[in-house]
Amino acid sequence: MSKLVLGCIADDFTGATDLANNLVRAGMRVVQAIGVPEGPLDADVDAVVVALKSRTIAPAEAIAQSLEAWRWLQSQGAKQIYFKYCSTFDSTPQGNIGPVAEALMDAMGCDFTIATPAFPDNKRTVFKGYLFAGDVLLNESGMQNHPLTPMTDPNLVRVLQAQCTRKVELVDYAVVARGAAAIEERIAQLKAEGVSIAIVDAVSNDDLLRMGPALAKMPLVTAGSGVAIGLPANFGLAPSSQASELPRAGGKSAVVSGSCSLATNRQVLDFIQRGGAALAIDPLRIAAGVDVAAEALAWAAPLIDKGPVLVYSTAEAGAVKSVQGRLGVEEAGAMVERTIAAIARGLVERGVHRLVVAGGETSGACVQALGIAQMQIGPQIDPGVPWCHARSEAAPEAGLHIALKSGNFGSDDFFTKAFTVLA
Ligand code: ADP
């Protein structure tokens, strides 16, 4: 019988890892599944995070996928469901946070849930229902210009109410500060007033830890990754080194990077300045029909015995714009992703069993090319980025250790530090 207690549904891939990482740090053994698994759970864990890609798809499709994930989690014995979205509450006026939360409430026969994206470790705080990113309100943080989910209203009660048919209200900071009993009392009062969903304030991890016990009997919790730190204790679990234990790491090491974020540009530079073996790949040569993946694998072959190698398409904004101008934004992105994914697969087939991938979309492409269906979450390298262990079609016996770093995460020395953490 599985001892699964917490079943999580995440609306994107790197967000799923972020949640899994927080649960592990709070004492749970966790696997992340890439999409809804086809068979029964094949791991001895306390929580499963099902990673969907449902943040910006049509609401009806997001609901269908989320319900499919819920049905699977329920069939595996999950006692509580956690719907995870972004800590900047990324959504459109149509959804998908409200519609998915309400569909899960309908399916589960659940009369009340909370919604809080607060993640103080990453400077996302909620005060009087207003979401702050760093020192500024959400709508002044740059999120007002997001290409897919522009966030122009920082008041989450208003934002979520616009997406919901149920009544949305607030559990404010003063209540949270008084602890779990006060939160439960406020929830009972809201329920009596016909409210079904409450935004809950949190400006510190202490707030999230006070919130935890008040959520113990709630069948469904909806939140960013922050609320996760207060839940494992409800199941008698405390932080421990066993939670992040992975099989022993072995094999050769490599980094592939398709992220062009400022942080990743610094990380590539740092790796090169430390004398690491690095190869830049040129999108225009891929477009010209050169087999850049084969070239990169031939370059890496004599080097991977000596230490980590880095293959990267990472470039600064001006260079990326110029390539996009010549090839088209999507075309350039897809071409580079395919090439890096082929290189990742080739490296693993050649004995690289410790692999760092930089870039959210790039990670998705690599995980797919490596035939990975599920990852066990291990120790954290930097906030939001843990080492994971996965079975892979490309490493059928030992599997591999893999770290997926979304663009702006990680310190400058990340590509060096990552391998030290694993050792
Ligand atoms: P991040 O997490 O930093 O956003 P992603 O992998 O999600 O990184 O996105 C980066 C996108 O940019 C990918 O589609 C990738 O293929 C593309 N890309 C990478 N390098 C280049 C380049 N030199 N020129 C143009 N596009 C690139």
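All ligand and atom numbering here is 1-based and tracks the order in the structure.
- One distance of note links CG of L67 with CD1 of I9; it measures 7.5 Å at 0.5 Å rounding.
- Protein residues with a heavy atom closer than 4.0 Å to ligand 1 are G258, S259, C260, S261, P283, S313, A315, V320, V323, G333, V336, E337, G359, G360, E361, T362, S406, G407, listed by chain and number.
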Given I114 and M211, is the side-chain contact (heavy atoms from CB on, under 4.5 Å) satisfied, shown in steps? CA-CA 10 Å; I114 61 141; M211 206 183 291; 4.3 Å; yes
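- The shortest heavy-atom contact between I377 and C388 is CD1-SG, 3.8 Å.
- Counting only N and O atoms by type, the side chains of S411 and D382 include a donor and acceptor under 3.5 Å apart.
- In this model, a donor atom of one side chain and an acceptor atom of the other lie less than 3.5 Å apart for K405 and T264.
- Taking the six-membered ring for Trp and the full ring otherwise, F83 and Y85 have centroids separated by under 6.0 Å.
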